[in-house]
Every structure is written in C-alpha cells, then in structure tokens.
Amino acid sequence: MSGPLLVVEGLTTEFPTRAGIVRAVREVSFHVEAGEILGLVGESGSGKSVTGFSILGLIDPPGRITGGSVRLAGCELVGLPARDLRAMRGREIAMVFQDPAATLNPVLRIGDQMALAIHAHETVSAAAARARVAEVLTLVGIPDAARRLDAYPHQFSGGMRQRVAIATALLNRPKLIICDEPTTALDVSVQAQILTEMRALARDTGTALIWISHDLATVSSLASRIIVMYAGRVIEEGPIRQVLSAPGHPYARGLLDSLPAKAVAGKDLMQIPGAPPSMLALPPGCAFAPRCLRADGACDAEPAPTVAGDRRWRCHHPHAEPTS
Amino acid sequence: MSPAIVEVRNVSRRFAPTPSIGERIAGLFGAYVENRTVHAVDRVSLDIAPGEVLGLVGESGCGKSTLGRVIAGIHPPSDGEAFIHGEPVMGGSRRRVKTTTRVQMIFQDPFGSLDPRFRIGATIAEGPIAHGLIRRAEARAEVARWLSAVGLPADAADRFPHQFSGGQRQRIAIARALAMQPDILVCDEPVASLDVSIQAQIINLFLKLRRELNLTMLFISHDLGVIRHICDRVAIMYLGRIVELGRTEDIYTRPAHHYTRALLDSVPKLVTTGDDLVSFRPISGELPSPLAPPPGCHFHLRCPAADARCRSEAPDLRDLADGRRAACHHPLIDDRT
Amino acid sequence: MLGFIIQRLLQAVVVMMIISVLVFCGVYAVGNPIDVLISPDATQQIREEAIRTYGLDQPLWKQYLDFVGRLVQGDFGRSFVFGSPVLPLILSRLPATLELTLVAVVGATLVGVPLGMYAGYKPDSLAARAIMGISILGFSVPTFWIGLVLIFIFAVQFGILPAGSRGETRELFGISWSVLTANGWQHLFLPALNLALFKFAMMVRLARAGTREIMLTDTVKFARAAGESEATILRRHVLRLIAIPIVTVFGLEFGSTLAFAVVTETIFSWPGVGKLIIDSINTLDRPVMVAYLMLVAFFFILVNLTIDIVYVALDPRLRLRAAS
Amino acid sequence: MIAGPVAQFWSEFRVNRVAVVALAIVATIVVLSLVAPWITPQNPYDMAGLRLADARRPPGFVSPRTGITHWLGTDGQGRDVLSAILYGLRVSIEIGLSAGIIAFSLGVTLGTFAAYLGGRIEALIMRFIDLQLSFPAILLALVLAAVLGQGKWQLVAALVTAQYAYFARTAHGAAATERSKDYVEAALSTPLKPHVVVLRHILPNCMPPLIVVATVQVANSIALEATLSFLGLGLPVSEPSLGMLIANGFQYLLSGRYWISIYPGIALIVLIASINLVGDQVRDQLNPRLRR
C-alpha cells in the first residue's frame with residue numbers, strides 16, 4: 001500500500017453552547033504513516049482530545065464535525081453512515097482513554113465486556129471469544145489471564161485496568177490506536193511499565209499509534225513525530241528530535257523552556273505569561289499572539305502554515321527560519 | 001542549623017473502619033473477618049528547619065498526603081505527635097481539634113478548595129478576622145496586599161471563584177493561606193492539576209514568595225522534576241514509611257535506597273537528541289495494596305538487592321554518609337564513616 | 001457476606017421491636033385501651049373480665065411484653081365491626097391487594113423502564129418530550145383524581161369497562177385470582193392502571209435520569225470506540241448499570257404501592273386490605289389498624305432485606321464490601 | 001455588583017421556556033389564591049350565601065337568584081365551583097407551604113446536626129430516618145390524621161411527620177459530601193470553629209439539592225393533603241379544600257355531572273405539575289454529572 005495510513009485535512013469540530021459556538025478543533029491537518037507513533041501534544045482545551053474523538057466520529061451531539069476530511073487508507077470517514085462508521089471503530093481504529101476506572105463497566109466481568117468488543121465485529125462462539133480475550137490479556141502483561149476473565153474491574157489495580165483497556169483496543173487488530181493520555185492517571189512506576197509495553201506492542205504488531213499527551217517528556221521517549229496544538233490549531237509539526245531541539249513556534253518553545261528540567265534548580269523557570277484564551281473569545285489572527293513576546297501587528301492576521309521539509313508551523317515570526 | 005520549626009515524632013495514622021455488629025457476630029461463629037486497617041502513615045519522624053522547603057515524594061497511596069494533613073492539623077495522628085515550635089498541632093486530648101494558626105495548607109484542586117459562594121475577599125479575610133489578626137475595617141487593605149503578593153489585582157476581591165481560571169484560583173488559595181501569616185505552609189500537590197504553562201507560573205510564584213517572605217514549606221508532589229526544582233531537602237515515601245531523606249541534589253544524583261533509584265529511573269526524560277528512546281526503566285512488579293503490605297522491608301518484592309533479611313526485618317531509617325538517611329539493609333551509598 | 005446478612009437480620013429484629021413499641025403506645029396511649037379491645041356496648045361484667053384477661057391491671061412494661069407475646073403467637077385480637085379474629089380477616093383480603101399491586105408495579109416497570117431509557121437516550125427528540133410530558137403528568141396527578149377520570153371515561157361515558165369490584169376469580173394454590181379469568185382482567189385493568197400511573201412516571205424518570213448520565217460517561221464512549229452497536233450498549237451496559245437504582249426503587253415502591261392501594265381500592269371498591277383499613281379507620285376499628293400496621297411493617301422489612309441482597313448481587317463493587 | 005451564583009443560576013434557568021412558563025403559572029396561582037376574597041363572585045365558605053336551588057348547575061349557568069354567572073358550574077350545595085377552586089387553592093397552598101417549611105426546618109436541622117456530630121449519634125439518627133423513609137408516607141399520614149383528628153394544624157402535623165425525613169436525609173447527604181470537599185477542610189484547618197464552618201460554609205452549599213427536594217415535597221404535600229381530604233381525613237367539610245371538592249363531586253360523576261370533580265382536579269394538577277416542572281429544571285441544572 002502506498003501513501004499514509006491516515007490523512008486528516010482541514011478538520012473542524014464545533015460545539016454550540018449557550019454562550020456561542022466553540023470551535024474546539026480548527027482546520028487541523030496531519031497524517032499518520034502505517035506503524036508510526038505520532039505524538040499529539042497540547043494543554044487542556046487545546047483540542048487534542050477532541051481531534052482524537054473526531055477521527056472516530058465520537059463527538060457527542062450537539063457537537064459536530066463541520067468541515068474537513070479524515071481518510072483511513074483512502075476511505076473517507078467524515079460523513080460515513082453510522083453503520084459503516086461503527087464497523088470501522090475497533091476494527092480499523094481503536095481508542096484508549098485516560099481514566100481506566102471510568103472506561104470499564106463496573107458491573108460487567110472483564111471477560112464478558114471484552115467479548116462484546118469481539119462480537120461487535122464477528123460472529124464467533126463464546127468459547128472462541130473467551131480464548132482470544134485471554135490471549136490478548138496475556139499479550140499486554142496480565143499474568144494468569146485465563147483465570148481472571150471472571151473478575152470485575154474493581155478487583156484490578158489502576159495499571160491492570162489500563163492494560164485491560166489496551167487489550168480491548170487490540171482485540172480486533174486495528175491498524176491505528178488513538179491513545180488519549182493513557183498514562184496520565186497512573187503512577188510513574190506503572191506509567192513506565194505501560195509505556196514500555198505499548199512501544200513493544202506497536203513495534204511487534206505494526207499498529208500505528210496517535211499518542212495524545214500534555215507531557216513532552218513521555219512523548220519524546222515514544223514518538224517519532226510530534227504535533228503541537230494550541231487553541232484548536234496545529235501550530236507545529238515535525239520529526240520529534242528536530243522539534244524538541246529547535247522548536248519553531250514561540251509557544252512550542254515556551255512550553256519546552258518552562259519545564260523544570262530545562263532550568264537551574266531554585267532559579268525562576270522561563271514562563272509563558274498569561275493564560276490560554278477562552279475558546280468563546282479567540283483573539284483575531286494568531287491565538288497565541290496575546291501571550292507571545294515576538295508578536296507584532298502582523299500577528300493580527302491568521303498565519304498560514306509554513307512548510308519546510310518534514311516540518312510545518314503556523315507563525316509569522318518563528319524562531320528558526322525554514323531550511324531545506 | 002537553627003532549631004526546627006516542625007518536629008514530627010513517630011507519627012502513625014491508621015484508617016480503620018469499625019466492624020459492624022453483624023461482622024463481629026459472624027466473627028464469633030468463626031467466619032473470616034478481613035482486616036481493613038490501612039496504615040497510611042507508619043511511624044514517621046522528620047524535622048523542618050526555618051526557611052527550608054522540604055519535598056515529600058511518593059506514588060499514590062504512599063501516605064504523603066495523609067502525612068501532610070497530619071502536619072497541617074486536619075487529621076489527628078493515631079500515634080506520635082506533630083509539633084510546631086514545640087507545641088502540638090492538635091490541641092485537646094479526647095476530641096482533638098486544631099488550635100494553632102501557625103500552619104496553613106494549600107490543596108491540589110483549585111476548583112474545590114474555595115467556597116463557591118464566597119467572594120474572594122471574604123474567603124481571604126475570614127480566617128484573619130476570626131483569629132483577631134486584623135480588624136474588619138482593615139480587611140480590604142489586607143486582602144489587597146495579599147492579592148498583590150500573589151500577582152492578582154485588588155478588584156479580584158469582589159468576584160466569585162467561578163470567574164477565575166485554575167491558575168488564578170491557586171493564587172487565591174495561596175493568598176488565603178498567607179493571610180494567616182503562618183510559620184509553615186503545607187502544599188499538597190499544588191501544581192498537579194494545572195496546565196504545563198501555568199505550572200511554571202505558580203512554581204515561580206512559590207520561589208518569589210520564598211525569597212521575599214522566607215517561607216518554610218512542606219511541598220508534597222509526585223512530580224520529581226518539580227520537587228527537584230524547588231526543594232532543599234527531599235523525603236521519599238513508600239507504603240506509609242519514609243525510605244530516604246536527604247539533600248535534594250544528593251538524592252537525585254546518588255540515591256541511597258533502591259526504591260528511590262528505581263523511581264528516578266522510571267520517569268521519562270525529555271529526549272531531544274539521538275535515536276535512543278529508552279529514557280526510563282520501569283520498576284518490576286505491582287505496588288502492593290496498603291491493606292496488606294509485605295512484611296519486612298515493604299519494597300523487597302520489587303527490589304533487586306533483596307535477601308532473607310529484607311523479607312523478615314523492617315529496616316530503620318538510619319544515618320548514612322553526607323547527612324543522608326535511608327531505611328535500607330543494603331544501601332547504594334556507604335554507611336556513615 | 002454472612003456478616004452482612006446477620007447485620008441486616010439484626011436490624012430487622014430491632015426495627016420490628018421499635019415498631020411494636022410505637023404501635024403499642026399508639027393504641028394504649030390514645031384513649032382508654034379497654035375501648036380498643038372490646039366493643040363499647042359490652043356490659044360492666046364483661047369489661048372487668050376483659051381487663052383481667054388482657055392483663056390491664058398489670059404494670060405497663062408487663063403489658064407490653066404480653067402484647068408482644070400475643071403478637072408472636074399471631075393473636076391480633078378481634079375486630080369490633082366483624083367480630084372475628086383480625087389476622088384471618090386481613091389474610092383473606094391480602095391476595096386481592098397483592099394481586100393488584102403486583103400487576104401495577106410490574107406493568108409500570110416493564111413499560112416505564114424502556115420508555116425512560118429511550119427518553120434518556122434521545123433527550124431532545126419529540127417522542128422523548130412526549131414521554132416526559134406524560135411522566136410529569138403521571139407524577140403530578142393525584143391518584144384518586146385519575147381514578148375518578150378513568151371511571152368517568154371508561155365506565156360512565158363509554159361503558160366498556162366495569163367501575164368496581166373484583167369480577168370472576170379462579171382458585172390457584174387455595175387463593176382466588178382475578179388474573180386467571182378474562183372477566184377478572186376486565187375488572188383488574190382500571191384499578192391496576194390507576195395504581196400503576198404514578199409508578200410508571202417514577203420508573204420513566206428514574207430510567208431517563210440514569211440513562212442520560214450513563215450515556216455521557218467514558219464507559220459508553222469506550223464501548224462505542226470498540227465498535228459496539230447502540231443496541232448492545234443500551235442492552236448490555238446501560239441496562240445493567242441502571243438496574244441497580246431501579247431495583248431499589250422497585251422494592252421501596254412496591255411497599256408504598258401497597259399503601260397507595262388504599263386510595264385505589266376505595267375508588268374501585270376493590271375488596272383488598274386497603275379498603276379494609278380505610279373502613280376500619282372510619283369506624284375506629286383499632287385492632288384491625290394495629291394488625292395492619294404490624295403486617296405492613298413486617299412486609300416492608302422483608303422487602304428491604306430482599307433488596308439489600310439483590311443489590312449486592314447486582315453490584316459487584318458492593319460484594320467486596322459485603323464480603324467481609 | 002458582579003454576577004453572583006444566583007444571577008448565574010437564573011440566566012441558565014431562563015433558557016428552559018417550559019420551566020419559565022411553569023414558574024409564571026405557579027406565581028399566578030399563588031397571587032390569584034391570595035386575592036381570592038376580592039375577585040371571586042361568592043364566598044364559598046359562607047353557608048348562608050349559598051342557594052340550594054342553584055346546586056349542580058352546569059358551567060355557564062347564570063343564577064336568576066344571585067345574578068352570578070357560574071363559569072364552571074355549581075356543586076352539590078350550590079357553591080360556585082370557580083370560587084370554591086380559588087378558595088381551595090388557597091387552603092392547599094397554605095397547608096403545602098406550612099408543611100414544607102416546617103418539615104424543611106426540622107429535617108435540615110436534624111440532618112446537618114447528625115452530619116456535624118458524626119459517630120454513633122449520627123448513625124442512630126440516620127438509621128431512624130432511613131427506617132421512616134422505608135415506610136410509605138401516605139400510610140403514616142393516614143394513621144396520624146386518623147389519630148389526631150380533623151383540623152388544619154393536625155393535618156400539617158401529619159404531613160410534616162410524613163415528609164421531614166426526606167429533608168433530613170438530603171441535608172445529611174449533601175452535608176457529608178460538602179464536608180469532604182477541600183474548601184471545608186481549608187476552613188477547618190485555618191482553623192475556624194466547627195459550628196462556624198457548618199453555618200457559613202457547609203449549610204449554604206447544601207441549599208441547591210434541598211431546594212429541589214423542597215419543590216417536590218411542597219407538590220407532594222399538596223397532593224397528599226388532597227388525598228387525605230378525599231378519603232375524609234382532612235379538613236372540616238365547612239371549608240372544602242380541593243380534595244374535598246373532588247370527593248364531593250364523586251357521587252355526581254356517575255350521573256354525568258363531571259364539572260364538580262373535574263375542574264378542581266385540573267386546577268390541582270396544573271399547580272402540582274407546574275411546581276414539578278420548575279423542580280425538574282432546577283434538578284437538571286444542579287446535577288453535576290450532566291455538565292460537560
């Protein structure tokens with residue numbers, strides 16, 4: 001197969017609220033290669049999670065995708081009939097959520113609720129489904145899986161529950177898994193275990209991952225490419241090492257520089273002034289301009305994406321000039 | 001070193017739901033009654049010197065928040081005592097209540113820690129007025145002073161919490177604590193629920209307040225990077241016990257306890273160059289349930305250096321070289337020479 | 001689990017004791033107890049005999065113990081109006097009430113829960129609004145008035161259904177049932193509908209509220225992301241989760257429906273316990289009132305005990321707590 | 001003045017048109033019943049003013065004796081049904097509100113007291129409340145009404161006994177939830193005196209769920225009062241409430257004289273349904289789990 005696995009173009013998702021329309025995702029474009037791990041970074045409200053849900057068509061009404069396209073292996077997902085979209089979910093693209101305590105159904109046995117995900121796509125016997133569930137649970141590092149199929153979620157630790165969620169996503173061998181902050185609710189020691197296993201799983205099964213996170217360090221140890229979002233837009237995209245060592249957009253750079261790891265202990269951190277804008281009252285032009293030290297009159301106009309080789313950013317005054 | 005402001009002496013805090021009458025009767029008939037006592041904090045002692053920032057680090061369920069709440073006078077200790085300037089934090093003997101205003105607390109969730117029905121000014125002035133630190137007539141000026149100390153305009157006093165962002169609310173919570181003019185501030189994960197770019201602002205605020213007011217703080221966090229940045233000394237907790245205590249830089253560069261090293265290793269670092277993505281190493285095994293911690297050293301099930309002694313005998317926190325203390329039979333640095 | 005059941009049984013015994021004290025005080029504190037125990041037109045000789053027989057010359061605590069002793073033996077005294085022992089009298093009326101109540105509550109649940117789930121699933125649809133409108137009405141219309149309206153419409157205006165009494169019955173297990181004959185059903189329909197309307201409204205609201213909340217949770221989103229169909233989600237996830245509050249309310253409401261049957265039975269001349277108690281209140285037939293109260297209390301405790309156990313069976317999280 | 005919680009609440013409430021209309025209806029009914037003595041053509045409680053010859057007349061009947069147009073007809077004693085409805089609403093609202101307010105004060109005091117004391121006393125109080133809640137309110141009210149006898153205050157006492165427990169449980173639950181929140185811990189660790197924390201911080205924040213329960217319970221009180229009156233256990237016959245009007249009309253219903261029962265019933269339903277609609281909107285608005 002040629003071409004990228006997933007191509008997102010001009011994706012826009014809106015939520016009408018009483019106070020006005022919130023455009024949570026604004027003309028977002030990116031692609032994911034088969035088997036690749038793409039990091040999607042941003043703060044809360046940047047639209048990173050909504051982007052993930054938009055790809056799967058899981059926007060709760062009255063929110064809806066108002067523009068753009070999402071193509072998986074050439075097949076357009078936006079505007080696909082509900083039936084066809086449902087058939088894609090879990091089978092072609094799966095998703096893992098942030099809080100495993102909230103995602104698993106507390107009153108269903110682990111084996112039974114995972115089997116529902118298999119039966120959603122295939123007609124197989126209950127025994128065959130159970131066997132497959134046990135197999136995948138073993139794959140994600142749950143010891144003695146066959147005996148724990150009848151356990152309820154509350155009998156598992158947080159890390160184990162997240163493994164169950166990951167196993168559920170893997171059940172139908174999807175080509176792409178969208179991971180929405182899957183380790184944020186976990187302790188560092190458990191996070192390290194899950195990260196290690198996810199990386200191995202993605203490599204061994206050839207599954208591509210979109211890893212949504214607010215934590216640059218985590219993404220830097222996992223992804224090969226990175227997208228940075230701010231106020232609903234992709235403001236920077238590129239190979240991870242290049243972006244992290246020489247960020248182009250002032251926001252990406254500010255984010256990196258504000259990390260304690262980048263400063264001398266006890267000295268003030270570099271800080272981005274101000275707070276992210278309300279999505280109901282976005283400034284005209286570049287949404288970051290009010291907090292940006294480099295902003296001038298030009299920033300009142302929306303910057304067009306600048307493309308330089310593998311890298312892309314939306315800024316009138318980037319830190320690095322495009323080099324080819 | 002000047003005498004400590006805070007002395008924690010052998011403090012334990014247990015949470016034990018009392019068994020119901022039915023359970024007791026079932027127990028009489030020989031039915032198995034599970035022990036549900038959680039030793040959230042287990043015989044912990046530590047000191048905090050004036051002007052010092054002590055970091056308290058550990059994973060969820062290690063008891064760091066409970067210890068902070070004992071020091072702040074929210075939970076009375078089950079055993080032992082926490083002292084501020086030599087006075088117990090909790091007064092009274094049978095029904096223990098906090099009487100001192102010398103210790104104040106800042107909470108993790110800036111959305112839950114402010115009364116939604118109180119204007120900001122009322123929230124900040126309430127404590128000082130109740131304790132006669134200021135007169136009602138002085139309240140406005142006092143509130144304005146503390147608001148400006150935390151970087152907020154004076155007119156914020158007339159507004160309600162819902163009109164502020166998370167970072168601003170955390171500033172208000174800090175102003176409220178400072179207005180009581182405490183000797184020590186207990187900060188329980190004060191930046192954990194804030195966005196990265198806002199985190200840096202609040203950390204800088206703490207640094208500034210520390211410089212200007214010579215604040216003493218107990219800073220509780222699970223974020224090793226934040227702790228390293230603002231703490232002078234660090235205490236590492238695991239399943240209710242302090243396993244290591246020492247100067248920040250020493251601990252981060254040369255951990256003495258195997259858990260400390262494993263914890264430091266498991267944090268992903270920011271990798272900006274090279275192709276080697278392995279910036280972290282997970283700790284093997286699961287965190288044991290605090291309901292049934294393993295005997296001996298609580299970490300022995302996951303520790304590469306564990307032997308028979310670790311499985312049976314709980315190590316005490318003892319002095320090692322360079323003023324370091326660790327609770328380990330086989331520490332990674334030399335014993336005191 | 002054993003401890004849990006022992007706990008509940010102990011509570012039940014304590015509750016029965018408290019109620020017996022209250023009822024005892026109610027009967028003996030209000031008015032001259034001898035008037036309560038024997039007919040007012042008895043001769044002086046009979047009165048004195050009765051005082052001795054019932055031990056009214058004894059101290060109060062001893063009287064209470066005797067009272068409880070008689071209750072345990074099933075001796076509730078004699079009715080003034082009917083002159084017969086109270087317990088058999090009530091027991092003979094009980095099946096009619098139980099039949100009416102069961103039909104009403106089960107019917108309300110079977111119709112109300114699916115409609116409520118639909119209203120919660122599509123809260124903005126026209127059908128959902130209609131369902132909620134009916135439910136608000138059912139919640140607000142006093143039972144007695146709707147009973148009148150039902151009689152006016154079906155019995156008076158159209159004359160298609162009878163306005164009262166039980167109709168033909170057939171014996172099963174030594175008890176007569178209306179549900180076993182067509183004519184019985186005709187007679188049962190209006191009173192059952194009358195009694196069910198409030199319960200129906202309640203079930204609709206409960207199911208709607210539960211469904212609305214659950215549809216917004218990550219559990220449902222996660223199931224959708226795995227490609228499970230909406231029908232599966234509603235049947236397997238939502239229904240299981242809302243079953244917990246519904247069972248509780250079902251049990252509690254079964255009790256209160258027994259009480260509300262008082263109204264319905266009065267209007268439709270349904271020969272159940274409710275009619276009996278209203279008559280006995282109006283004629284101050286106190287032994288019947290006492291017996292009825294004790295019986296209802298006993299019934300209630302039984303129902304609550306059952307709910308507690310079913311609850312634990314439905315919610316595995318509680319099993320953990322109850323297990324110790 | 002900067003928008004406080006109340007202004008914010010109203011701006012959200014306003015969006016639901018149905019609820020706003022319902023609120024307006026409740027307000028109108030309350031006002032109408034208050035001014036009833038001045039706007040009704042007849043005082044229905046003045047037995048001397050009733051003409052038996054005008055009894056059971058259909059809607060629109062104009063009495064040749066009094067010259068009054070009976071828009072909703074007359075009842076079995078010649079009362080103007082419309083006047084009787086307005087006076088009846090007055091009684092219903094008075095009793096519903098009195099019972100609601102007393103039950104509210106009693107229940108909230110008990111519930112917060114229990115939450116404040118904690119320990120065994122809390123367990124004891126709440127056990128008792130649970131016990132009472134598991135017992136049907138109507139039965140309780142029925143027996144009490146029978147034991148206490150007829151009269152306005154006896155009726156209110158019966159209603160209060162049947163309903164205070166709902167307030168107590170809600171107040172206790174809300175207080176327990178609020179108590180575990182950080183702002184209460186912050187106030188306690190300042191430290192402020194526990195009773196100050198309860199009165200200034202916990203209690204005001206418990207109000208939203210209590211307001212919801214209050215609307216439902218006032219509606220329930222009104223319905224329960226009508227039911228008791230219907231069963232002949234409510235108010236004296238000389239001052240008929242809506243329930244009694246309906247009960248009195250029951251005997252004429254079978255002969256097709258629907259208006260004596262049906263119109264008071266409709267008035268009752270409109271009132272109760274409107275209160276419930278307002279309560280529903282308030283409940284939805286305050287449910288944190290429906291917010292995104």
Side-chain angles (χ1 to χ4, degrees), chain A residues 37 41-46 157-160 183 185-197 199 214-224 240-246 251 254-276 278 291, chain B residues 53 58-62 165-168 193-205 207-208 210-211 222-232 248-249 252 259 262-287 289 302:
Chain A
I37 302 182
V41 173
E43 296 182 276
S44 52
S46 63
S157 69
M160 283 297 175
T183 61
L186 305 175
D187 275 316
V188 272
S189 69
V190 184
Q191 165 175 293
Q193 293 173 351
I194 301 252
L195 288 178
T196 310
E197 277 155 25
R199 202 165 50 191
H214 67 277
D215 184 6
L216 285 167
T218 310
V219 171
S220 79
S221 330
L222 201 65
S224 54
I240 189 139
R241 300 284 164 263
Q242 290 181 30
V243 172
L244 293 185
S245 55
Y251 172 70
L255 212 52
L256 265 168
D257 287 346
S258 69
L259 294 177
K262 286 278 202 170
V264 180
K267 299 284 175 241
D268 277 1
L269 301 170
M270 299 279 288
Q271 68 178 51
I272 304 175
S278 155
R291 303 174 75 188
Chain B
V53 177
E59 296 177 88
S60 56
C62 73
S165 67
Q168 288 171 318
S193 50
L194 303 177
D195 268 322
V196 186
S197 73
I198 308 298
Q199 261 187 23
Q201 296 173 0
I202 299 295
I203 290 170
N204 284 350
L205 174 64
L207 292 173
K208 171 185 150 237
R210 194 190 165 185
R211 281 193 302 269
H222 70 279
D223 188 329
L224 290 155
V226 171
I227 289 279
R228 182 178 198 170
H229 194 76
I230 65 174
C231 296
D232 305 310
T248 308
E249 215 36 50
Y252 277 76
Y259 174 64
L263 190 66
L264 288 169
D265 283 350
S266 67
V267 180
K269 322 280 179 301
L270 189 69
V271 189
T272 53
T273 51
D275 293 329
D276 182 20
L277 287 168
V278 186
S279 69
F280 57 90
R281 197 167 47 225
I283 309 179
S284 64
E286 287 247 325
L287 190 69
S289 156
R302 309 169 76 182

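Each chain gets a letter, A, B and so on, in the order the sequences are listed, and its residues count up from 1.
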## Note on the structure
Note: vs chain A, highest number of non-hydrogen pairs under 4.5 angstrom among B/I283, B/N204, B/L270 is B/N204
### Summary
Whatever's closer than 4.5 Å to a heavy atom in chain B on A/P276 counts as side chain
## Note on the structure
Turns out that what part of A/A275 lies under 4.5 Å from chain B's heavy atoms comes down to both
#### Entry: Test: B/R228 and B/E249 ion pair at under 4.0 Å
yes
### Task
Identify which part of B/S284 has an atom lying under 4.5 Å from any heavy atom of chain A, answering side chain, backbone, both or neither.
backbone
### Query
So, are B/R211 and A/D268 salt-bridged, with charged N and O less than 4.0 Å apart?
yes
### Summary
When the 4.5 angstrom heavy-atom criterion is applied to A/Q191 and chain B, the contacting part is side chain
#### Entry: Heavy-atom pair count under 4.5 Å with chain B, highest-scoring of A/I272, A/V264, A/D187, A/I194
A/D187
#### Entry: Which atoms of B/R210 approach chain A - backbone, side chain, both or neither, heavy atom under 4.5 Å
neither
## Note on the structure
dist A/L216:CG -> A/I240:CD1 (nearest 0.5 Å) comes out at 8.0 Å
### Task
Give, as side chain, backbone, both or neither, the part of A/K262 having an atom under 4.5 angstrom from any heavy atom of chain B.
side chain
### Under 4.5 Å from a heavy atom of chain B, the part of A/L256 involved
side chain
